[in-house]
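Read the numbers this way: they start at 1 and go in the same order the structure lists the ligands and their atoms. For the single chain, residues carry numbers from 1 onward in sequence order.
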Amino acid sequence: MVFPMLVLEGRAFIQGSFKQCAIGIEDGVISSIKKTLHGDDNVDYGEFLILPGGIDLHVHFREPGLTHKEDFRTGTTSAAMGGITTVFDMPNTMPPTTTLREYEQKVEMAGRKACVDFGLYAALSKPRETSRLAGAGAPFKLYMAQTTGGLDVPADDVPGLLKDLPPVYPPVVVHAENPAKFKATDARTLREHDLARPVEAESSSIDLLKAMRRNFHITHVTSEESLESVSSSGFTSDVTPHHLLLDCTRPLGQLGKVNPPLRQPSEREAVWNAFAGGRIDILASDHAPHTEEEKSVNFADAPSGLPGVETMIPLMLRKVRSSDLQLDRLINAVAERPAELMGLNKGFIEVGRDADLVVVDSHSVTKVRGKKLHSKCGWTAFEGWEAIFPLAVYLRGNLIVDKGEVAEDSIGEHVDAKVPAKRPEPAKKPGFGAALQQGAPR
Ligand code: DOR
Ligand code: ZN
């Protein structure tokens, strides 16, 4: 069968560096990359950057059951506007995703509404359902401590749950906090929340997992101590933009309440350095919207979590522009390594991969405004911060964001996580930060 060829021209990130080139796309897949190509339709982005679409392995889109906070349409629209073309959604909904039936219903619901491609986690929590969910290829999330949704599992029960998973399987994503290390206080400030769920709770939980001899992926790491546990165990890890950019001294009150908590400035800086240096594999938003009303009660009663899927890449592109982060490290953390970890045919601008592409004008710096973002929750902890939002976004060759506006919606498809072909390696070559820096050509 012959498909029409769409050609995108620009400075694309190919095999570790930027090249002025033409990307040919047929039937949603990159079919050729050449200096010039004549397609049925050519779109010339000049010297704008073309990056692989972002893959966010940690979002909470709240559907089913909590759709006053977010739903699959608003969540995935928000993702697309921030340059994310694939999301993996968490299971702590109402009802939670703990059975094959709930999983299949959610795949069907999301397939009708999603604007970007999506994977869905099932909670590792019910012994009899684990093998059935694994049979359907569901990736798993494990909660080691109480947080929104109450899906936590006592550490002693985890080996019994893992027994029903095939020995070779995509990594189980873990919220690692050990409740035995929590302090019984009614925290009223971000610093008290940090002390109530301390760094040791996180590192000790990772240590408990080591004995289980599984390929765990530790999500939202917040401390140097935890990173040492991660590296001695051979696990992979991710970090959120809020743990990289915010700390518990910020005047955010309960808007900044999140689990695991925002830490002290020195800890934040250590985690930033680890991320920028490639010791943390992946950047994931942990987009966890709650309404302003829900967040406006006193600190102890406010729910934990903050939104972030739309601002994650734009805030980091701004950090690249100010030379605080290398662009190739960012691409590695938001596209290449998530694709490798979950075995997706995405994440790289390469012949044969899905044509998920993000076009960026590096001079287009704007201010983040909560009211202008597309999440239902309508607020952000990054109000007024500078950011670089994408100009255009393509999902499998379809233009879904054009000139910063939604161009097409509801074409997202379900993706299966697969056992990765190889374990992600650390970022190979530093460099290429210059592409976004002041004075550099666009
Ligand atoms: O702060 C958090 N909020 N941490 C979690 O683990 C869950 C999340 C949510 O769903 O709101
Ligand atoms: Zn989460």
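Atom CZ of Arg132 has 12 or fewer neighbouring heavy atoms from other residues, nucleotides or ligands inside a 6.0 Å radius. Counting heavy atoms of neighbouring residues, nucleotides and ligands inside a 6.0 Å radius, atom CZ of Arg369 exceeds 12 of them. No more than 12 heavy atoms of other residues, nucleotides or ligands lie within 6.0 Å of CD in Glu293, so this atom counts as exposed by the packing criterion. The number of heavy atoms from other shown groups lying within 6.0 Å of CG (Asp186) does not exceed 12.
Protein atoms of type N, O or S found under 2.8 Å from the Zn ion (ligand 2) total 3.
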In residues 270-280, what donor-acceptor pairs under 3.5 Å come from side-chain atoms, sequence neighbours left out?
residue, atom, partner, partner atom, Å
Asn273, ND2, Glu269, O, 3.4
Arg279, NH1, Glu224, OE1, 3.4
Arg279, NH2, Glu224, OE2, 3.2

Report all side-chain donor-acceptor pairs from residues 304-311 shorter than 3.5 Å, counting only partners two or more places apart or in another chain.
residue, atom, partner, partner atom, Å
Ser304, OG, Asn259, ND2, 3.2
Glu310, OE1, Ser78, OG, 2.7
Glu310, OE1, His374, N, 2.8
Glu310, OE2, His374, ND1, 2.9
Thr311, OG1, Gly308, O, 3.4

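Centroid-to-centroid, the aromatic rings of Phe72 and Phe118 come within less than 6.0 Å.
In terms of modelled atom types and a separation under 3.5 Å, the side chain of Lys106 and the main chain of Tyr121 share no donor-acceptor contact.
Using a 4.0 Å heavy-atom criterion, the residues that approach ligand 1 are His60, Arg62, Asn92, Thr147, Thr148, His175, Val258, Asn259, Ala288, His290, Ser304, Gly305.
To the nearest 0.5 Å, atoms NE2 (His287) and CE (Met312) are separated by 11.0 Å.
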